[in-house]
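Scroll down for the structure; my scribbles are underneath it.
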Amino acid sequence: MKILACGDVVGRKGRLAVMEHVPKLRSQLQLDGVIINAENAAGGFGITQAIAQEFFNIGVDVITTGNHAWDQKCVNNFFSKESRLLRPINYKTDKPGLGITKIKLHKNKSLVVINIMGKLFMPPPVVADPFFTINSTLKEYRLKQNNVDAIIIDIHAEANSEKMALANYVDGQVSAVVGTHTHVPTADARILPKGTAYQTDLGMCGPYDSVLGMQKDLSISRFLGAVPSPHMKPANGEPTLCGAVITIDDITGLALNITPIKIGGLLDSSNHQSF
Ligand SMILES: [Fe+2]
Ligand SMILES: [Fe+2]
């Protein structure tokens, strides 16, 4: 099974990158499934039903989110009825939505996706302990049991240490742990000793001539202490689609390979440069 997982989609440019590249990648790489984190897809803050529907229509199978899940107030109702749109499973809130979903891919393969949030350096509201939560969740979902062919976790967190610790905590129990939230791709994609693929952060789908996908001047003036603090707006440059392609063993459900991708824009690595 081959799955593409993409990091936080930021604004219209990020959405355009997904719309342009995901359908092509689906056929070129013969992907079985696509997961994207879209917590910043609507003007940098949250997601709407219309945007989620656009992603589903072009071949995205599951959408994950994070601390920005409910920024768009109109989306609450959609969260409560769409099982392919996830919010962190460990959020201590009465907001709607699921943190885990099991979907059927072609050839009758089943993929479980879990969206979980870290505790360190994250904005309120507080989340339940991610280690305790994932431990109890995985008691119900085991690879190659009860028709579970693959399990992928999106750990939405700020601290590298927390993501890495959680990935090693579940090593061998899930197909892959991929990080989101920092909007910066890390160069540490690897397979952990017991067979779980891991990358600390997938990076964002959005313009990198920016500060985390937002307009630079607004971000700088906020750091300079502008009062009132400016409302952040997504940047307009050419976007990069950032993510990783994970190949999963059909027999064990563990990872055979993880390859990061960066397509288009400033971070494009699809054409190798000479030095
Ligand atoms: Fe984000
Ligand atoms: Fe986030």
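Remember, predicted model here, so these are calculated numbers, not experimental data.
When atom types are taken as modelled, the side chain of K2 and the backbone of L29 share a donor-acceptor pair closer than 3.5 angstrom. Checked by atom type and distance alone, the side chain of N37 pairs as donor or acceptor with a backbone atom of T65 at under 3.5 Å. A donor-acceptor pair under 3.5 Å is formed between the side chain of Q215 and the backbone N or O of P234. The backbone N or O of V10 lies less than 3.5 Å from no partner atom in the side chain of N40, so there is not a single donor-acceptor pair. Within the 3.5 Å criterion, the main-chain N or O of T196 finds a donor-acceptor partner in the side chain of D171. In this structure, D249 contributes its side chain and L254 its backbone to no donor-acceptor pair below 3.5 Å. Without hydrogens or angle criteria, N115 side chain to I155 main chain gives no donor-acceptor distance under 3.5 Å. In this structure, the side chain of T240 engages the main chain of G264 through a donor-acceptor pair within 3.5 Å. Listed for the R87 side chain is no donor-acceptor partner under 3.5 Å among the backbone atoms of A69. Between the side chain of E162 and the main chain of L120, a donor-acceptor pair closer than 3.5 Å is present.
Hydrophobic clustering keeps V126 apart from M117 (ILVMFWY residues linked when any side-chain heavy atoms are closer than 4.5 Å, directly or through intermediates). The hydrophobic cluster containing I114 does not contain I258, counting ILVMFWY residues as joined when their side-chain heavy atoms lie under 4.5 angstrom apart, directly or transitively. Taking hydrophobic clusters as Ile, Leu, Val, Met, Phe, Trp and Tyr residues chained together by side-chain heavy-atom distances below 4.5 Å, V34 shares a cluster with V18. No single ILVMFWY cluster, assembled from side-chain heavy atoms under 4.5 Å apart, contains both I246 and V177.
Rounding to the nearest 0.5 Å gives a distance of 4.0 Å between CD1 of I47 and CD1 of I63. The structure places CD1 of I89 at 10.5 Å from OG1 of T101, a figure rounded to the nearest 0.5 Å. Rounding to the nearest 0.5 angstrom, the gap separating the NZ atom in K163 from the CD atom in E158 is 7.0 Å. How far CG of L267 is from CD1 of I261: 12.5 Å, rounded to the nearest 0.5 Å. Taken to the nearest 0.5 Å, the CE atom of M204 stands 10.0 Å off from the OG1 atom of T182.
Here the rule is side-chain contact (heavy atoms from CB on, under 4.5 Å) with I248, and of N257, I152, I151 only I152 fits it. In summary, of the residues considered (I36, L85, V62), a side-chain contact (heavy atoms from CB on, under 4.5 Å) with F55 occurs for I36 alone.
Counting only residues at least two apart or in different chains, ring pair (Phe, Tyr, Trp, His ring centres under 6.0 Å) contacts with residues 151-189 comprise F131-Y169, H156-H181. For residues 208-256, every residue pair satisfying the ring pair (Phe, Tyr, Trp, His ring centres under 6.0 Å) rule, not counting sequence neighbours, is listed here: F45-H231.
Ion pairing of R26 with D61 is present here, as a side-chain N (NZ or NE/NH1/NH2) and a carboxylate O approach within less than 4.0 Å. Under the 4.0 Å criterion applied to side-chain N and carboxylate O atoms, K144 and D149 are assigned as salt-bridge partners.
Atom CG of N146 has 12 or fewer heavy atoms from other residues, nucleotides or ligands within 6.0 Å. Within a 6.0 Å radius of NZ in K233, no more than 12 heavy atoms belonging to other residues, nucleotides or ligands are found. Few gaps surround CG on L224; more than 12 heavy atoms of other groups in view lie less than 6.0 Å from it. In K194, the NZ atom is not crowded: 12 or fewer heavy atoms of neighbouring residues, nucleotides or ligands sit closer than 6.0 Å.
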Discussion item. Checking K104 against N147 for the side chain to side chain contact (heavy atoms under 4.5 Å, CB included) test, could you report, in this order, the C-alpha distance in whole Å, the side-chain angles of both residues, the deciding distance, and whether it holds?
Written reply: CA-CA 10 Å; K104 274 265 183 268; N147 202 19; 2.8 Å; yes

Practice prompt. Assess whether side chain to side chain donor-acceptor pair (under 3.5 Å) is satisfied between T200 and N160, documenting all intermediate values.
Written response: CA-CA 6 Å; T200 299; N160 295 342; 5.2 Å; no

Practice prompt. Give the C-alpha distance, both sets of side-chain angles, the deciding distance and a yes or no for side chain to side chain donor-acceptor pair (under 3.5 Å) between R222 and S229.
Written response: CA-CA 6 Å; R222 180 177 274 192; S229 187; 2.9 Å; yes

Worksheet item: When you look at C74 and Q49, which way does the side chain to side chain contact (heavy atoms under 4.5 Å, CB included) test go after all the steps?
Response: CA-CA 8 Å; C74 57; Q49 177 173 348; over 6 Å; no

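Considering only heavy atoms from C-beta on, Q53 comes within 4.5 Å of F78 through its side chain.
Taking the centre and axis of the six-membered ring of F56, the NZ or CZ atom of R84 falls inside the cone set by 45° and 6.0 Å.
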Validation: residues 135-143 side-chain donor-acceptor distances under 3.5 Å, sequence neighbours left out:
unit_1 : atom_1 : unit_2 : atom_2 : d
S136   : OG     : F132   : O      : 3.3
S136   : OG     : T133   : O      : 3.0
T137   : OG1    : T133   : O      : 2.7

